[in-house]
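Worth saying up front: this structure is predicted, and the values here are computed from it rather than measured. The chains referred to below are lettered A, B, ... by the order of the sequence lines, with proteins before strands, and numbering in each begins at 1.
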Amino acid sequence: MTTPQHSAVAGPPGSAATGQSAIRFAGVHKNYLSHGDTVPAVKRMDLAIAQGEFFSLLGPSGCGKTTTMRMIAGFEEPSGGKVYLDGKDVTGVAPNKRDVNMVFQSYALFPHLNTYQNVAFGLERKKVSKAEIKKRVGEMLEIVSLTGMEKRAPKEMSGGQQQRVALARALVNHPRALLLDEPLGALDLKLRQQMQIELKRIQREVGITFVYVTHDQGEALTMSDRIAVMNAGVIEQLGSPREIYERPATRFVAGFIGTSNIVEGHVERTENGLALVSYTAQDRVVVPVGSAVRVGDKVEVSIRPEKIDMHRGVPPVTSTGGSVLSGVVNEVVYHGTSTNYTVATAAGADFTVFDQNASNAEDLADRGDRVYLTWAPQHSYMIGV
Amino acid sequence: MDRVKRQLAPYFLVLPGGLWLLLFFAIPMIAMLSLSLQQGDIVNGYQFTFHWQNYTDAIDSYHTQLIRSLIYGAVATIFLIVLAFPVAYWIAFYGGKRKSTYLFLLLLPFFVSFVLRTISWRQILTDDGPVLKPLKEIGLLSDSYHILGTPAAVIGGLVYNFLPFMVLPIYVALERIDPRVVEAARDLYANPATAFRKVILPLALPGVFAGVLMSFVPVSSDYVNSEVLGSSSTTMIGQVIQAQYLVNSDYPTASALSFILMAVLLVGIFAYARALGTEDVMKVAAR
Ligand SMILES: Nc1ncnc2c1ncn2[C@@H]1O[C@H](COP(=O)(O)OP(=O)(O)O)[C@@H](O)[C@H]1O
Ligand SMILES: [Mg+2]
């Protein structure tokens, strides 16, 4: 497997020009002690987050996202390695002395203070003048659309409103970075989607680095400039949403982000940067490969369900030179905008195929039908193990 | 029919408690009020005569003990807060999985009878007891030094005997504080001391308030600690009431004193609630 951590250190193209990263992890790992056992929560992390970036940590529950976040904020100290903010080593520095602010998953608003007092809390600690606090809190409440709510106590507000107070309370301090730990997790779907757009707008408006923790891949894909996909304490892949979706580096990423079809096989022939894997005389997968791949190598190939065309008759394979797999339809599930088919293929793996219900009013196939799946070579993607 | 049942259900539920209160609170209160306005003596019997003078006489004779009781009560309550807060804080934030064990340990001495515990304090504090004797032998204290019979001994006993009444409510308030809220304060540039002052303390205040309510009243009207650990110069109003009732059989004076004490405590508690802004306190408590 290629080491995705390498690309992580380099950061996105923009970061080289501005010099320092907003946040940098160098060889950080973190173990918890629990009942005398050592629990490795973050195994090894090298990471550079650029100034002004919307950066997401994405992964299943328990993969170490919150721990990573808490090491940035200063609530946890790494067991090894260093954390830098704006190029300055802050390992061991107390949370109140770090110029980052956090939006907690449960909001953690001060229950005894009203909206205004909650938002003003950080500025008061920084000894900003009363007049200046008043001005900045007012502006911030306007940005998060809470003007007029100054006197409300947290428990007198809806979840969405509390969420905005938590956001305002952190952003009003103009931190170097804003840390958001699954901030929309407690909201219902509609409000969630609304807040996603809102958050993105606010981030553009204030230009502050956002580090966003989520286990929702859809959320990460729509909002982020870059995503780090975490699994069991390591970053499996780091890249733009498009890279991560189109070119998953590992089997885990392919499975975690969206739906992927994965087939295995041995390379029979290579030609013009394409490798051919055959299963029968007519069933074959064509995949772009690097020069390192040789005839006889075992490869794993991932194909996204929406890239596949499904035909009932024998397809005109000669024109495309792409992949062809025959199979039998096992299941047809209607989803409104699309219909999903599960096909048992000649390659041994079950394939999922999405068909947009754009013009055709009828389904392409029924259960038990014999079908052919085809796709262009560039839609096959070889993944690491 | 069902609806009627459902509407009546709450009343049936309060019936046992209501009867209990009527029997053991309301009736004695009325009986005592009547007693406090009677005239006569134990030999010839007492007559109800609206004798309000019982009240003025009682105040004339015993205002020293009454004021002393309130002062002891206030001082003991302050000591209680100072001692109980750190204990409650430690159990709530550092007790981990053993919180209930620590609370149990705190309550363990109180399984022994109130009077016995106080008598054992007498043994400990006596002039040649385990505390004073060594200190006198090494010359730290003069031979004539004593604690028993002083206000310090009485207040010490009161503080000891009522400690759980202060620890428990404060503990409950602290225990309910979400640790993330404290972290949020630290995240928003508060150092540990400021986070305590601006977040933990205000959120613990309802507990302190409840603790004061639960301890100031019984401490001020206590009659055991001064009896066992004090002297004639530390006599508290509870002792006076007890003596008038059980020794002198002067029921009207005892009853009048009881009502005076009750009135003073009620006024004190309401003034205190006012000053602290109970509205806010209760608002936080009800979150
Ligand atoms: N305070 C702690 N003590 C012991 N183990 C912990 C502690 N916090 C987290 N862990 C463990 O560390 C791992 C990572 O947790 P976390 O960072 O919260 O994951 P995520 O936020 O991705 O769900 C989990 O296995 C979790 O059980
Ligand atoms: Mg988490």
Side-chain angles (χ1 to χ4, degrees), chain A residues 34-35 66 69-70 72-76 93-114 117-128 133 151-157 162 165-175 177-182, chain B residues 85 88-89 92-99 101 169-212 273 275-287:
Chain A
S34 168
H35 305 288
T66 297
M69 191 77 115
R70 290 172 63 82
I72 302 175
F75 294 122
E76 302 289 351
V93 173
N96 52 316
K97 304 226 171 84
R98 296 192 188 192
D99 203 6
V100 295
N101 287 122
M102 189 144 168
V103 175
F104 291 82
Q105 180 162 17
S106 52
Y107 315 141
L109 298 178
F110 304 121
H112 57 303
L113 302 180
N114 64 27
Q117 294 164 325
N118 261 283
V119 178
F121 193 94
L123 295 176
E124 279 168 3
R125 302 285 83 70
K126 289 212 269 188
K127 305 269 186 280
V128 176
I133 291 179
K151 294 263 148 54
R152 294 269 191 101
K155 67 160 196 266
E156 296 167 345
M157 286 189 285
Q162 291 184 29
V165 177
L167 192 64
R169 181 178 72 171
L171 273 179
V172 76
N173 306 296
H174 300 325
L178 187 73
L179 314 175
L180 304 101
D181 191 356
E182 311 215 11
Chain B
F85 203 101
Y89 185 89
F93 288 109
Y94 298 96
K97 290 196 176 67
R98 298 214 182 80
K99 281 178 188 164
T101 312
I170 297 179
Y171 166 80
V172 169
L174 288 172
E175 225 273 325
R176 280 191 354 192
I177 297 177
D178 178 0
R180 305 279 154 183
V181 170
V182 183
E183 280 184 351
R186 300 278 282 123
D187 187 59
L188 293 163
Y189 317 109
N191 59 31
T194 312
F196 178 82
R197 198 163 48 82
K198 287 283 177 186
V199 176
I200 297 176
L201 200 57
L203 291 176
L205 221 53
V208 177
F209 181 82
V212 170
L276 244 173
T278 347
E279 294 248 303
D280 290 345
V281 171
M282 292 309 172
K283 235 192 246 161
V284 176
R287 98 193 133 92

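Residue A:L123 does not touch chain B at all, counting heavy-atom pairs closer than 4.5 Å. Heavy-atom distances place no part of B:A195 under 4.5 Å from chain A, backbone and side chain included.
Counting heavy-atom pairs closer than 4.5 Å to chain B, the top residue among A:E124, A:R98, A:M102 is A:M102. Looking only at heavy-atom pairs under 4.5 Å with chain A, the residue among B:V181, B:V182, B:T194, B:D187 that has the most is B:D187.
Minimum interatomic distance between A:V100 and A:A73 (heavy atoms only, all atoms of both residues): CG2-CA, 4.0 Å. When all heavy atoms of A:F121 and B:L188 are compared, the pair lying nearest together is CD2-CB, 3.8 Å.
Side-chain atoms of A:R169 come within 3.5 Å of backbone N or O of A:Y107 as a donor-acceptor pair. Of the possible donor and acceptor atoms, one in the side chain of A:Q162 sits under 3.5 Å from a partner among the backbone N and O of A:P154.
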